[in-house]
Enquirer: 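Here it is: the structure, laid out below.
Counting starts at 1 for both ligands and their atoms, following the listed order. Treat the numbers as computed from the prediction; the structure is a model and nothing was measured.
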Amino acid sequence: MSEAWNKSGWRDFPRVQMPDWPDADLLSTAEARLLKSPPLVFAGEVSQLKHKLGEVCEGRAFLLQGGDCAESFQEYSADTIRDTFRVLLQMAVVLTFGAKCSVVKIGRIAGQFAKPRSAPTETRNGIELPSYRGDIINDLEFTVAARTPVPDRMLRAYSQSAATINLLRAFSQGGYADIHRVHTWTLEFTSRNEIHKYRELAARITDALDFMEAAGLNSSNISSLKRVDFYTSHEALLLEYEEALCRVDSLSGRNVAGSGHLIWIGDRTRQPDGAHVEFCRGVMNPLGIKCGPSISPDELKVLLHKLNPNNDPGRITLIARFGRNKVAEYLPALISAVSEEGAKVVWACDPMHGNTVKAASGYKTRRFESILGEVREFFAIHRAEGTYPGGVHCEMTGKDVTECTGGVSAVSDENLGDRYHTACDPRLNSSQALELAFLVAEELRALH
Ligand code: PEP
Ligand code: CO
């Protein structure tokens, strides 16, 4: 690392989007407890993920990253975790077929609790309170007590993350993720009448699996058909939490963020001289950097030098989140900046965060058409630039929510109130998420 680093060093840098904890003693007690707790991930897994992302960098694999905008204490259950995991697996099988290469699977899960907000306070009926910043900090309810930051929430988020990652490991390795089972779920989806347009692609996957079976390649003798490698990720926003879970890997002596496999820096917290960049530069984990319209090519170059001075492939994933109408204006200049530096990065498309609109009913929503439109633009721009569109990043859930409009499930503005459960941004529901995977698979097939 170019300059000395320690895990508390970020405290001397300007910080944004972090709470003012009203009680310093309670904060220290919570930090001390986290410090004594086991990390959630092991350095070996983190290196393995970095290696796989290096493959994405070289165009030999594809990245799928998805999950909640914000995990919540209220939605927490084994069923919720299972349903999100199941849809991600289904998406991954469809994408594997489309990309003709392996798909690196990362959940926005087991730590995705802290949220940046566009305003520090929220006003309702003349009453102004601190904004909700995610369940790891305060509560969504609009009362003074609920909106006050409570450090013990970090411990609750930690326990929930630990139990979540435990279940995900069991599902990944214990037989639940068998490719045949996953594909059967997808066939159930495509057999529903209105979704016949994806049947052909699903049938081709069936043929491919049948062929493998006939050739003697099945889950009983090929373990990769029965098990998956699944990784966790979240925005490294709440630095007290990140610092308290940072550990030194006893094998390599390197620092690892023990809170999740990949951590990313948000679009609002990526100031090159800010606290978030300072913390992230010192840990060995793969890092995401969200890139929205406000990042300049020069700023991106500075970030790449700070965060990846050795230009390791797999260290950096740039998550482009411009919005359908802006991606063509901003992305090419960033791609050029990366090429000028010869920087090795994974390019992923987050078609969610630049496409949020307010429906007439007042709900925050995203139109499936805009999401898809941004993905298509992203692919077209990379095709024109001769670079590899390496992945997609989406906010989704395995539940049948009504938060984004459009898609085969035909959620309309009028239906948004039916099952609008998100604690923060609108998510794709299970059929919209799978539909997105089919459409991305078609784009990927066109690349070959
Ligand atoms: C997010 O991914 O939930 C998020 C807040 O994204 P961004 O930083 O890109 O706005
Ligand atoms: Co979000």
Enquirer: As a test of reading the structure, name the N/O/S atom of His353 that is nearest the Co ion (ligand 2).
Expert: NE2
Enquirer: Should the pair Arg427-Glu395 be classified as a salt bridge under the 4.0 Å nitrogen-to-oxygen rule?
Expert: no
Enquirer: Give a table of atom pairs where an N or O of ligand 1 lies under 3.5 Å from a protein N or O.
Expert:
unit_1   : atom_1 : unit_2 : atom_2 : d
ligand 1 : 2 (O)  : Arg108 : NH1    : 2.8
ligand 1 : 2 (O)  : Arg108 : NH2    : 3.3
ligand 1 : 2 (O)  : Lys290 : NZ     : 2.7
ligand 1 : 2 (O)  : His353 : NE2    : 3.4
ligand 1 : 3 (O)  : Arg108 : NH2    : 2.8
ligand 1 : 3 (O)  : Lys115 : NZ     : 2.7
ligand 1 : 3 (O)  : His353 : NE2    : 3.1
ligand 1 : 3 (O)  : Glu395 : OE2    : 3.1
ligand 1 : 6 (O)  : Lys290 : NZ     : 2.9
ligand 1 : 8 (O)  : Asp267 : N      : 2.8
ligand 1 : 9 (O)  : Lys290 : NZ     : 2.9
ligand 1 : 9 (O)  : Arg321 : NE     : 2.6
ligand 1 : 10 (O) : Arg268 : NH1    : 3.4
ligand 1 : 10 (O) : Arg321 : NH2    : 2.9

Enquirer: For Thr123 and Glu128: C-alpha separation, side-chain torsions, deciding distance, then whether side chain to side chain donor-acceptor pair (under 3.5 Å) applies.
Expert: CA-CA 4 Å; Thr123 303; Glu128 187 179 9; 4.5 Å; no
Enquirer: Between the Co ion (ligand 2) and Glu395, which N, O or S atom of the residue is the nearest one?
Expert: OE2
Enquirer: Taking the basic N atoms (NZ, or NE/NH1/NH2) and the acidic carboxylate oxygens, is any pair closer than 4.0 Å for Glu240 and Arg15?
Expert: yes
Enquirer: So which pairs with a foot in residues 88-104 pass side-chain hydrogen bond (donor to acceptor under 3.5 Å, both in side chains), sequence neighbours left out?
Expert: Gln90-Thr186
Enquirer: Looking at the Co ion (ligand 2), is one of the N, O or S atoms of Cys424 less than 2.8 Å from it?
Expert: no
Enquirer: Give a yes or no on whether a salt bridge exists between Glu235 and Lys290, defined as a side-chain N under 4.0 angstrom from a carboxylate O.
Expert: no
Enquirer: Among the N/O/S atoms of Asp425, select the one at the shortest distance from the Co ion (ligand 2) and name it.
Expert: OD2
Enquirer: Is it true that Arg11 and Glu243 have a side-chain N and a carboxylate O under 4.0 angstrom from each other?
Expert: yes
Enquirer: Please check if atom NZ in Lys326 has more than 12 non-hydrogen atoms from other residues, nucleotides or ligands closer than 6.0 Å.
Expert: no
Enquirer: Whether the side chain of Arg281 engages the backbone of Glu3 through a donor-acceptor N/O pair (distance < 3.5 Å, no angle test) should be reported.
Expert: yes
